[in-house]
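To keep things clear, I will list the structure first and then write my remarks on it.
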Amino acid sequence: LEYNITDEHIDGRLNTITSADGKYSLQSFGSHGGGDIMYSHISVRNNETGKHRYFGEIGGMYGGYNGIGFLKNNDIYRYDMYNLEIVDPKTLEVKFDINDNFPLWYDEETDSGRCLLTFRRNPEDFSYIVVYFEYENGIGWYDIDGNPTGHDGIANCNYKTGFLDPEGKLVESYDTGYGIRSDPFGINNVEMRYSEDKLTIFAI
């Protein structure tokens, strides 16, 4: 299957994301779905030549838990709960795959897993900070008073922060002691604010 994408195919479902130097953009086309589910195909546009290259698909129920964009050196990132890849914008070759050395996974038999929520790459040495969670034998959900809810609220597994070397190997890990937050639309999106003195995690 070959996609011959031109500007006239772009549908705007994904707001155009442009690299810091303006050379590349991520754009959507062929969006499909309805109601609570939506998917979009993504292209990488070379803004100097106007040419598009097919990059993949994002989306899911309520948009899915995923992210896509550019890092400071124009590398493209894409992630979801079970994947994180860093991709060369020129060749679209994968330069980093978190699953090589820090596997994200789900085991259906035991209903256990490790899931990624967000990340930061250090622009100087390409090391990583990741926010993730691990669970065994399913996730229990409770309200603020500790009463079981069955589907959302506060989980019995916590936000964790991990520090990975440039190859993605875990160097340090810390349990925040705060349970994962969720609402009827799924696990809350997580954002990270980083400074030399403090790392702040927001669940929105």
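Just the heavy atoms: all of them, side chains too, but no hydrogens, waters or symmetry mates, feed the values below.
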### Task
Carefully, step by step, assess Val44 and Leu26 under the rule side-chain contact (heavy atoms from CB on, under 4.5 Å).
CA-CA 5 Å; Val44 180; Leu26 296 169; 3.7 Å; yes
Given side chains that start at C-beta, do those of [X] and [Y] come closer than 4.5 Å, heavy atoms only?
X	Y	answer
Tyr24	Lys90	yes
Leu116	Tyr79	yes
Tyr77	Val87	no
Leu117	Ile180	yes
Ser127	Asp165	no
Val190	Tyr159	yes

What pair of heavy atoms forms the shortest contact from [X] to [Y], and how long is it?
X	Y	answer
Asn188	Ile204	CB-O, 3.4 Å
Ser112	Glu136	OG-CA, 3.3 Å
Tyr132	Ser173	OH-OG, 2.6 Å
Phe133	Asn158	CB-O, 3.4 Å
Ser28	Asp11	OG-OD1, 2.7 Å
Thr16	Thr18	CG2-OG1, 3.7 Å

[X], [Y]: one ILVMFWY side-chain cluster at the under-4.5 Å cut-off?
X	Y	answer
Val130	Leu170	yes
Phe185	Ile139	no
Val94	Ile68	yes
Leu92	Leu84	no
Tyr135	Trp141	yes

[X] [atom1] to [Y] [atom2] distance, which is reported to the nearest 0.5 Å:
X	Y	atom1	atom2	answer
Ile17	Ser25	CD1	OG	9.0 Å
Ile5	Ile10	CD1	CD1	7.0 Å
Tyr54	Phe29	OH	CZ	6.0 Å
Lys51	Asp7	NZ	CG	10.0 Å
Ile86	Leu71	CD1	CG	5.0 Å
Ile201	Met192	CD1	CE	7.0 Å

### Glu191/Arg193 salt bridge by N-O under 4.0 Å criterion
yes
### Task
Salt-bridge test for Asp152 and Arg181: reply yes if a basic N is under 4.0 Å from a carboxylate O, no otherwise.
no
Main-chain N/O of [Y] paired to [X] side chain as donor or acceptor, under 3.5 Å:
X	Y	result
Thr91	Glu93	yes
Asn47	Gly22	yes
Ser19	Lys23	yes

#### Entry: Step-by-step side-chain contact (heavy atoms from CB on, under 4.5 Å) determination, Tyr174 to Phe163
CA-CA 9 Å; Tyr174 297 92; Phe163 295 84; 3.8 Å; yes
### Query
How about Tyr3: does its OH atom have over 12 heavy atoms from other parts shown lying under 6.0 Å from it?
yes
### Query
Got more than 12 heavy atoms from elsewhere within 6.0 Å of CZ, Phe202?
yes
### Task
For the pair His9 and His52, evaluate ring-ring contact (aromatic ring centres under 6.0 Å, His included) and give the outcome as yes or no after the intermediate values.
CA-CA 10 Å; His9 296 121; His52 292 259; 8.4 Å; no
#### Entry: CA sep, side-chain torsions, deciding dist, call: Asp111, Tyr106, side chain to side chain donor-acceptor pair (under 3.5 Å)
CA-CA 7 Å; Asp111 193 11; Tyr106 172 69; 3.1 Å; yes
### Query
Between Arg121 and Phe126, is NZ or CZ placed under 6.0 angstrom from the six-membered ring centre and within 45° of the ring axis?
yes
### Task
Flag this pair as yes if the NZ/CZ of Arg114 is under 6.0 angstrom from the six-membered ring centre of Phe102 and inside a 45 degree cone about the axis; otherwise no.
yes
### Message
Does Ile42 form a side-chain contact (heavy atoms from CB on, under 4.5 Å) with Gln27? I'd like the steps, not just the answer.
### Response
CA-CA 6 Å; Ile42 303 299; Gln27 300 181 333; over 6 Å; no
### Working for side-chain contact (heavy atoms from CB on, under 4.5 Å), residues Asn83 and Asn99
CA-CA 7 Å; Asn83 300 281; Asn99 282 300; 3.6 Å; yes
### Task
State, without any angle test, whether Asn147 and Asp145 hold a side-chain donor-acceptor pair at a distance under 3.5 Å.
no
### Task
Would you please classify the geometry between the Tyr128 ring and the Phe119 ring as parallel, tilted or perpendicular, with 30° and 60° separating the classes?
tilted
### Message
The criterion is side-chain contact (heavy atoms from CB on, under 4.5 Å); which residues satisfy it with Asp100, sequence neighbours excluded?
### Response
Asp97
